[in-house]
Amino acid sequence: MAPKNPVPDEPTVRRQNDDGMSGGAMAVHRLDWHNPKTIDDSDLIAFVHNQYEAGKTRRYEWEKRASEILAWVRGYQNYLWNDEGMGLEPQEFTDLPLHCREPIIINKLRGFLLDSLGLVLGRPISWEVYPETRENDDVTSAKAQAKLLRHFWGACSPAGQVKLLEAFWMMFSTGIVWCKCTWDPFAGPTSSFDADIMREEGDKDDEPTRRKWSEKLRGMVASKKKLRPEHVKLDESGLDLADGDLALDFVSGFDVTEPEHCHLIEEAGWCIVSRFRSIEYMRERYKEAAEDLQPDSSQTLQQHRGYNYLVGNVVGRSGEQVSGMTESSEVLVHELWRPRSPSAPKGFCGIVAGQRVIKKGANPYVHGQIPLTTFREHAEPEAFRPASTIGDMMGLQAARNKQRSYIHAHLAMSIDPRILNEDQSGLPEDAFVSGPKVIPLKDGGINKVKAFEYPNPPAYLAALDEMNLRDMEDVGRVHR
């Protein structure tokens, strides 16, 4: 179902504000960030929407390259980016000779990636937190945070280990990934709460006082579960609530929109993290604010992250696109973060989804920063998204595939050669395509029929194959 309220475009917002701004995405200084709650919803939606679209345009070339790398690492090395189709498409081999239309793919990229993962994750990881200053409070805080990280790493669930593996897979493939550390009030073990927990020292234990405790507990639960107080049901037995826990997530370069000319996320004045969430997830988390939220179209999903739909875009036997056969149940959710600064004293955290504001308020964390930590394969000057080593190896991988394909094509033609049948032999047209039978020949005609003699492979072929392997090891810095 299409969203009910369209996103206000930039000209509409300019007319509403009458500020004379012209062109492009709305600048961050056009909004008043001093009181996050009072920012107009239509202005906030326009800012997020237009900055997201501008960011997609800026990182288009990076996304093309990263999409190809992720596909090639998976083994889909006959896929390349098509600018017209705005996605990965298989190469057409109709212009190649018939015996070369089934290319051989020897995926060396996956092996180098697994070796790199083993070098990082195959040994114990030590977590250290360095204090911002040498003040006693900062040093004590850093020590406590380091212990906390070591605890969560040691107690990491299997799902968390898989997330970490996928994060480093993305980092070595595309060059960068971010760790997002937030507080999840819905996670962790549950505890039982009743009205007595709200008892204050000196309170009487009578009916009016117990009602006061119940109202306080109802307000606390309503705030935690994002409900209206009258919708919270309490009884004598109380209720169970999650204690909350740290949530570690990893964000790829496809999902982060940064300010133009930004080099590091730690220096950014704002950033947008865009992820797909199911409608059920949004309704459970944000209750009434997301009650009427509708899923985005399949086209929106594909435009945000085309590489993720590689398999879904393969044309099936019927010739129809498989990706269009399933109804979407997800919505693109934009998280807008601002660190605390003189222009935004409280920082900002806002969530926009389905062309509406789901949540807006101050940055909720003590540090007041954007909760993203950068993991890079290597530093690259003035590059927010650096190139990856595996990307440098793709040309050598393509050459290796082509070389091996021609070797196998030569072998196939030597085993099952083409037959030269000159007109003087007098053979019928179906002589070499029908079953065994007596074929009449003119006198001496058999001498006119012979197999095509293919030239022998060059003597340096084996050395060329070995040279290609050494080049890949040199570029990948992983020698066997």
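Residue indices begin at 1 and follow the sequence shown. In this text the structure is predicted, and so the values were computed from the model without any measurement.
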Value for CD (E135) from OG1 (T140), rounded to nearest 0.5 Å, stands at 11.0 Å
So CE of M171 and OG of S252: to nearest 0.5 Å the spacing works out to 13.5 Å
Taking H378 for its side chain and G175 for its backbone only, find out whether a donor-acceptor pair lies under 3.5 Å. no
Margin query: Tell me whether R277 forms a cation-pi arrangement with Y281, defined as NZ or CZ under 6.0 Å from the six-membered ring centre and within 45 degrees of its axis.
Written below: yes
CE of M394 to CG of D392, rounded to nearest 0.5 Å, is 10.5 Å
For V251 and V273, the nearest pair of non-hydrogen atoms, with its separation, is CG1-CG1, 3.9 Å
Separation between CD (E89) and CD (E84), nearest 0.5 Å, reads 8.5 Å
Scanning both residues in full, the closest heavy-atom pair of A353 with M282 reads CB-CE, 4.3 Å
Could you walk me through whether L117 and L165 pass the side chain to side chain contact (heavy atoms under 4.5 Å, CB included) check?
CA-CA 8 Å; L117 290 175; L165 180 62; 3.7 Å; yes
| said: Is the ring pair Y76/Y79 parallel, tilted or perpendicular, if the boundaries are 30 and 60 degrees? | reply: perpendicular
>> Do V352 and I358 make a side-chain contact, defined as non-hydrogen atoms from C-beta onward lying under 4.5 Å apart?
In response: no
Residues at least two apart in sequence or cross-chain that pass side-chain contact (heavy atoms from CB on, under 4.5 Å) with C262, listed by chain then number, are E258, P259, A268, F384
Here the gap from E63 atom CD to T174 atom OG1, rounded to the nearest 0.5 Å, amounts to 10.5 Å
Sorted by chain and number, sequence neighbours left out, salt bridge (Lys or Arg N to Asp or Glu O under 4.0 Å) with R400 holds for D465
In short, K346 meets P36 closest at the heavy-atom pair CD-CD, 4.0 Å
Q | Heavy-atom side-chain proximity of I272 to Q51 below 4.5 angstrom | A | yes
Subject >> Test item: T257 and C271 side chains (from C-beta on) under 4.5 Å apart, heavy atoms >> reply: no
Taken to the nearest 0.5 Å, the spacing of W337 CH2 from I265 CD1 works out to 12.0 Å
Would you check if T373 and C181 make a side-chain contact, meaning some heavy-atom pair closer than 4.5 Å? no
Between W270 and the options Y52, W33, F47, the ring pair (Phe, Tyr, Trp, His ring centres under 6.0 Å) test singles out F47
The side-chain contact (heavy atoms from CB on, under 4.5 Å) partners of D32 (sequence neighbours excluded) come to H34
Sequence neighbours excluded, the answer for ring pair (Phe, Tyr, Trp, His ring centres under 6.0 Å) partners of W72 is none
**Prompt:** Within a strict 4.5 Å, meaning less than it, do heavy atoms of the T389 and E377 side chains meet?
**Reply:** yes
_Between F254 and L70, is the side chain to side chain contact (heavy atoms under 4.5 Å, CB included) condition met? List the steps._
CA-CA 12 Å; F254 294 87; L70 289 167; 3.9 Å; yes
- Atom CD of E280: over 12 foreign heavy atoms under 6.0 Å: no
Heavy-atom side-chain contact between P295 and E330 under 4.5 Å: no
*With a 4.5 Å limit on heavy-atom distance, are the side chains of L80 and L88 in contact?*
no
Validation row, ring centre F250 to ring centre W169 under 6.0 Å
no
- prompt: Can a donor-acceptor pair be found between the side chains of Y60 and W81 at a distance below 3.5 Å?
  reply: yes
Exercise for the section: Take E291 and R283 through the test side chain to side chain contact (heavy atoms under 4.5 Å, CB included) and record every step on the way to the result. Expected result: CA-CA 6 Å; E291 185 176 357; R283 290 175 181 172; 5.8 Å; no
The side-chain contact (heavy atoms from CB on, under 4.5 Å) partners of E266 (sequence neighbours excluded) come to L264, T374
Any chance CG of N35 has more than 12 other-residue heavy atoms, nucleotides or ligands included, within less than 6.0 Å? yes
Mind checking whether V331 and L293 have side chains closer than 4.5 Å, heavy atoms only?
-> yes
- Applying side chain to side chain contact (heavy atoms under 4.5 Å, CB included), run through S329 and I279 and close with a yes or a no. CA-CA 6 Å; S329 62; I279 293 294; 5.5 Å; no
For the backbone of Q369 and the side chain of N363, can you confirm whether one donor and one acceptor N or O come within less than 3.5 Å of each other?
yes
Closest heavy-atom pair, S388 versus I69, reported as atoms and distance to 0.1 Å, is OG-CD1, 3.7 Å
**Message:** Tell me whether K360 is salt-bridged to D41, with the criterion being a basic N under 4.0 Å from an acidic carboxylate O.
**Reply:** yes
By side-chain contact (heavy atoms from CB on, under 4.5 Å), N401 pairs with (sequence neighbours left out) Q77, I105, I106, Q397
Short side-chain to backbone donor-acceptor contact, R376 and R385, under 3.5 Å = no
Ion pair check, K64 and D83, cut-off under 4.0 Å:
yes
H334 and S274 have their tightest heavy-atom pair at ND1-OG, 2.7 Å
Only one of K180, R275, K56, R59 passes salt bridge (charged side-chain N to carboxylate O under 4.0 Å, His left out) with D255, and that residue is R275
